[in-house]
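Each chain gets a letter, A, B and so on, in the order its sequence line appears, and its residues count up from 1.
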Protein chains: 2
Amino acid sequence: MTKSEQTRSLIVDTALRLFAERGYDKTTMRAIATEAGLSVGNAYYYFGSKEHLIQGFYDRIQELHFAACAEILATETDFETRMRRMLLAWVDIAEPYRAFGAQFFRNAADPASPLSPFSVESTEVRNRHIALHSTVLNESTAKVDGELREVLPELMWLYHMTVVLYWVHDRSPHSATTRMLISRTTPLIARLVGLSRLKVFRTITRDGVQLFRDLGWFPSPPKPE
Amino acid sequence: MTKSEQTRSLIVDTALRLFAERGYDKTTMRAIATEAGLSVGNAYYYFGSKEHLIQGFYDRIQELHFAACAEILATETDFETRMRRMLLAWVDIAEPYRAFGAQFFRNAADPASPLSPFSVESTEVRNRHIALHSTVLNESTAKVDGELREVLPELMWLYHMTVVLYWVHDRSPHSATTRMLISRTTPLIARLVGLSRLKVFRTITRDGVQLFRDLGWFPSPPKPE
DNA sequence: GTCTATAGCAAGATAGAC
DNA sequence: GTCTATCTTGCTATAGAC
């Protein structure tokens, strides 16, 4: 680990600690620099803005989440269970940061911000996430309509984003309500996905998939696995 | 109209004009105050923060939207058409503000902000909106599962919020893509609502409705019509 | 390339006098 | 209610040390 990487980590660690202690807004760049034993200028040398520190948070969460999923996805084959456990694992990991996570959620919601999950800058991390959802689906025993299957990972990612949206509003202890949301929506989704092959459903499924395609949700299309 | 009310209006009018001219972020409180012929301190006497000025924008949009809907809802009876035209009317009205609307969307997304559509402070305006959706549904010819019917206006409101979320990301001229989203999702929704009475669907509908109820989406429950 | 120190701007927000 | 003066803080700029 080079000196530069050490400093970078030191800044992120200090920032995350202070964020957790006193919240995002009340943590000044001056305080982060002082606490880390650095100058403000140095902090800005590594991170273009206070917002950019949030990326450090994202990266950490994602890394931990992927590690947690590896175990789950290696053993479980049922689609619904895979999806549910993957999402619950995310909540477990994000839990310690919930109190202040909401404070910078606003940045993620700003379409102009590079931190927005829909932004061009987020393409890579978004695609990695979508790929995770692909794995959840493809290595499961789920039977899905062929058309739907191609876009389903993206839809699952959107579902995940919705859960996150709910989570930042959730004030229940241990994010219990979010957990309930997950545990009770995944079976519904699994059933709907199963129904997608039914005759009554065919046209509506096709129309929905076609619409999704025509909209071109993302600035740049996600890479296929 | 008292002096105080006049000053208040003057500040909102000036702020909205400047927001439209140069965007939210680039409009400083100093500029608003100067342009209105007041001191900065005075502006803060009436509005606790720059964010609070946004409420003036919401109020204006909602007023115009309700007026536009009155006409539509008085003549049209088809559920899908009512919903579609109501949403398209919203896009028409919000159109002039789209360029800078996205800039303060971040505030709406912040759960801690009183401007969040989910906040306690927004209860009144939210309930008024949900009541509008009730009207769209109840005075239409739609046939809906009884259980679903009770929560459907709230779900329609969430759908509306989703459209708004898409809209702030939409960069197409005249919000064409958002309009397409509306025109093509309303038929899908109308069909799904119709299917809700089907036998295959009953259990899944009931489960969904029950979940929605158990979650208690809002800090305070919406008033029944 | 990595880092310090310091000075200073812009703009949101506040205090206290009147 | 209104003002002026001031504070705070994100961020920038510069000059220089190693």
Taking 4.0 Å as the cut-off, does a side-chain nitrogen or oxygen of [X] come that near to OP1 or OP2 on [N]?
X: Lys3(A); N: dT2(C); value: no
X: Asn42(B); N: dC3(D); value: yes
X: Ser4(A); N: dT2(C); value: yes
X: Tyr44(B); N: dT14(C); value: no

Exercise for the section: Assign Thr27(A) to base, sugar-phosphate, or nothing according to its heavy-atom contacts below 4.0 angstrom with the strands shown. Expected result: sugar-phosphate
Exercise for the section: Quick one: label Ser39(B) by what it contacts on the DNA or RNA (base, sugar-phosphate, nothing), any heavy atom closer than 4.0 Å. Expected result: base
Go through [options] for me and flag the one nearest to the [X] side chain.
X: Leu38(B); options: dG1(D), dT9(D), dC3(D); result: dC3(D)
X: Thr7(B); options: dT2(D), dG12(C), dT2(C); result: dT2(D)
X: Tyr45(B); options: dT2(C), dT2(D), dA13(C); result: dT2(D)

Whole-Å distance separating the [atom1] atom of [X] from the [atom2] atom of [N]:
X: Tyr46(B); N: dT2(D); atom1: OH; atom2: C1'; answer: 9 Å
X: Lys26(A); N: dG12(C); atom1: NZ; atom2: P; answer: 20 Å
X: Met29(B); N: dT14(C); atom1: CE; atom2: C1'; answer: 12 Å
X: Tyr24(B); N: dA11(C); atom1: OH; atom2: P; answer: 14 Å
X: Lys50(B); N: dA10(C); atom1: NZ; atom2: P; answer: 15 Å
X: Phe47(A); N: dT2(C); atom1: CZ; atom2: P; answer: 13 Å
X: Ile11(A); N: dT2(C); atom1: CD1; atom2: P; answer: 11 Å
X: Leu53(A); N: dG10(D); atom1: CG; atom2: P; answer: 11 Å

Exercise for the section: Would you please classify the geometry between the His65(A) ring and the His129(A) ring as parallel, tilted or perpendicular, with 30° and 60° separating the classes? Expected result: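 Aromatic pair His129(A)/His65(A) classed tilted.
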Exercise for the section: Decide, yes or no, whether a salt bridge links Arg179(A) with Asp170(A) under the criterion of side-chain N to carboxylate O below 4.0 Å. Expected result: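 A salt bridge is absent here (no side-chain N lies under 4.0 Å from a carboxylate O).
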Handout entry: Lys50(A) and Asp25(A) ion-paired at < 4.0 Å
Key = no
Completion exercise
Checking Phe57(A), Tyr58(A), Trp167(A) against Tyr97(A) for ring pair (Phe, Tyr, Trp, His ring centres under 6.0 Å), the one that qualifies is Phe57(A)
Exercise for the section: Between Arg30(B) and Thr2(B), just flag the one whose closest nucleotide in DNA chain D comes earlier from the 5' side. Expected result: Thr2(B)
Practice task
State, without any angle test, whether Thr7(A) and Tyr45(A) hold a side-chain donor-acceptor pair at a distance under 3.5 Å.
Solution key: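 Judged by distance alone, the side chains do not pair up.
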